[in-house]
Amino acid sequence: MAIDNSNARHKYTVCVEGNIGSGKTTLLEHFHNVPSVQIMAEPVDMWRNVRGHNALWEMHKDPARWGMTLQTYIQLTMLDLHTSPQTEPVRIMERSIHSARYCFVENLHRNGQMLDMEYAILDEWYQWILNKQDVHVDLFVYLYTSPETCMERIKKRGRSEDARITLELVQKVHSLHENWLKHNILPCQAPVLTIDADCDQADMVEKYKEIEQVVLKERKDR
């Protein structure tokens, strides 16, 4: 039986989604200055240091060996974010447990880097979470960015793990985001606000203001 989320609906949850290098972190930085908003960044540092082990690095080095391991931990850490106390009327999360399932787990499996049994086990866990835990989302903000622009931004930020990210990978993850958030080929759990983020930083400032107005209006209308 699905969990009853009725007591949680007075609060509003937004998940910022998009490809690697699409500008999610920069968007969250804008909302740090907006009152009554709780910001929850993707727990990348936890993935880079699991009791001294860099699971993110290992996955990029050998996805077939470490993809299942990392995605299991990502599912755990994202579940922890979703179910942690909401301290403000609006919560904005960087990605979600849903994009982990429908973009990154899906990509590993389709590329033959995750066994059918591993994929089935992760999906069983995901379906159990949907039925037993409160991971509801009120709005997805999708930062649409071309793979070529994403690659330029990835190179500029210079994370050590990013050295193994290829244009082919970014193109495949882009396609999965499109299938999930734009074309509804994969299950989508909330309405989607698509923002064209394929532009420079100066233009993005106006986009951030647009998102802010939509989010705060949606919150007030509830």
Side-chain angles (χ1 to χ4, degrees), residues 2-51 53-56 59 67-108 122-143 159 161 173 176-177 180-181 186-193 211-212 215 218-219 222:
I3 190 169
D4 179 6
N5 292 329
S6 58
N7 291 331
R9 305 307 282 176
H10 66 288
K11 294 186 177 180
Y12 194 75
T13 299
V14 178
C15 290
V16 180
E17 302 286 358
N19 207 339
I20 309 163
S22 60
K24 298 177 299 298
T25 301
T26 308
L27 172 59
L28 263 64
E29 289 172 353
H30 170 82
F31 273 94
H32 272 294
N33 299 318
V34 178
S36 301
V37 173
Q38 177 188 13
I39 300 298
M40 305 197 78
E42 201 174 27
V44 176
D45 287 344
M46 296 180 69
W47 309 339
R48 299 171 78 179
N49 184 10
V50 187
R51 300 186 183 181
H53 302 282
N54 190 335
L56 185 61
M59 193 282 298
M68 172 67 168
T69 303
L70 177 64
Q71 290 302 325
T72 300
Y73 192 53
I74 286 176
Q75 190 160 261
L76 171 64
T77 55
M78 293 307 298
L79 174 61
D80 185 53
L81 288 189
H82 277 284
T83 58
S84 63
Q86 185 162 340
T87 59
E88 299 289 350
V90 177
R91 166 187 280 176
I92 299 182
M93 293 178 56
E94 184 178 12
R95 288 212 178 105
S96 65
I97 198 169
H98 310 294
S99 53
R101 165 62 184 86
Y102 289 114
C103 295
F104 295 94
V105 170
E106 197 70 24
N107 181 63
L108 287 166
L122 276 176
D123 189 59
E124 287 285 333
W125 268 114
Y126 175 72
Q127 298 301 330
W128 183 90
I129 289 167
L130 291 187
N131 286 313
K132 302 294 184 180
Q133 301 293 318
D134 181 9
V135 292
H136 87 274
V137 178
D138 294 293
L139 178 70
F140 288 115
V141 173
Y142 173 35
L143 298 182
R159 289 180 187 168
E161 296 84 3
V173 173
L176 285 165
H177 276 88
W180 175 45
L181 296 172
L186 298 169
C188 189
Q189 300 72 25
V192 180
L193 170 64
I211 297 169
E212 181 181 335
V215 168
E218 289 288 335
R219 165 61 189 161
R222 288 178 60 80

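In this text the structure is predicted, and so the values were computed from the model without any measurement.
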By side-chain contact (heavy atoms from CB on, under 4.5 Å), Val50 pairs with (sequence neighbours left out) Ala55, Tyr73
side-chain contact (heavy atoms from CB on, under 4.5 Å) involving Pro35 - partner list, sequence neighbours excluded:
none
For [X], side-chain hydrogen bond (donor to acceptor under 3.5 Å, both in side chains) partners two or more places apart:
X	answer
Thr13	none
Tyr102	none
His82	none
Glu17	Ser96, Ser99

State whether the side chain of His30 and the backbone N or O of Thr26 hold a donor-acceptor pair below 3.5 Å, judged by distance alone.
no
Side-chain (Asp80) to main-chain (Leu76) donor-acceptor, under 3.5 angstrom
no
What distance do [X] atom [atom1] and [Y] atom [atom2] have between them, rounded to the nearest 0.5 Å?
X	Y	atom1	atom2	value
Ile97	Ile129	CD1	CD1	3.5 Å
Leu81	Met93	CG	CE	5.0 Å
Trp47	Gln71	CH2	CD	8.0 Å
Lys132	Leu130	NZ	CG	12.0 Å
Leu70	Thr77	CG	OG1	8.5 Å
Tyr12	Gln86	OH	CD	11.5 Å

Measure across [X] and [Y] and return the closest heavy-atom pair with its distance rounded to 0.1 Å.
X	Y	value
Leu28	Val16	CD1-CG2, 3.8 Å
Leu139	Ala190	N-CB, 4.1 Å
Thr87	Gln38	N-OE1, 3.1 Å
His98	Val135	NE2-O, 3.1 Å
Met59	Gly67	CG-CA, 3.7 Å
Leu176	Glu106	CD2-CG, 3.8 Å

Going through the distances and angles, do Leu108 and Phe104 end up as a side-chain contact (heavy atoms from CB on, under 4.5 Å)?
CA-CA 6 Å; Leu108 287 166; Phe104 295 94; 5.9 Å; no
Quick one: salt bridge (charged side-chain N to carboxylate O under 4.0 Å, His left out) partners of [X], sequence neighbours excluded?
X	answer
Arg91	none
Asp123	Arg101
Glu161	Arg48

I'd like to check [X] versus [Y] (side-chain heavy atoms, cut-off strictly below 4.5 Å). Are they in contact?
X	Y	value
Leu122	Met68	yes
Ser22	His177	no
Val14	Asp138	no
Val44	Glu94	no
Met78	Pro43	yes

Sorted by first residue and then second, give each salt bridge (Lys or Arg N to Asp or Glu O under 4.0 Å) pair with at least one member in residues 24-45; sequence neighbours left out.
Glu42-Arg95
Taking ring pair (Phe, Tyr, Trp, His ring centres under 6.0 Å) as the definition, give me every residue that meets it alongside Phe140, ordered by chain and number, with sequence neighbours left out.
Trp180
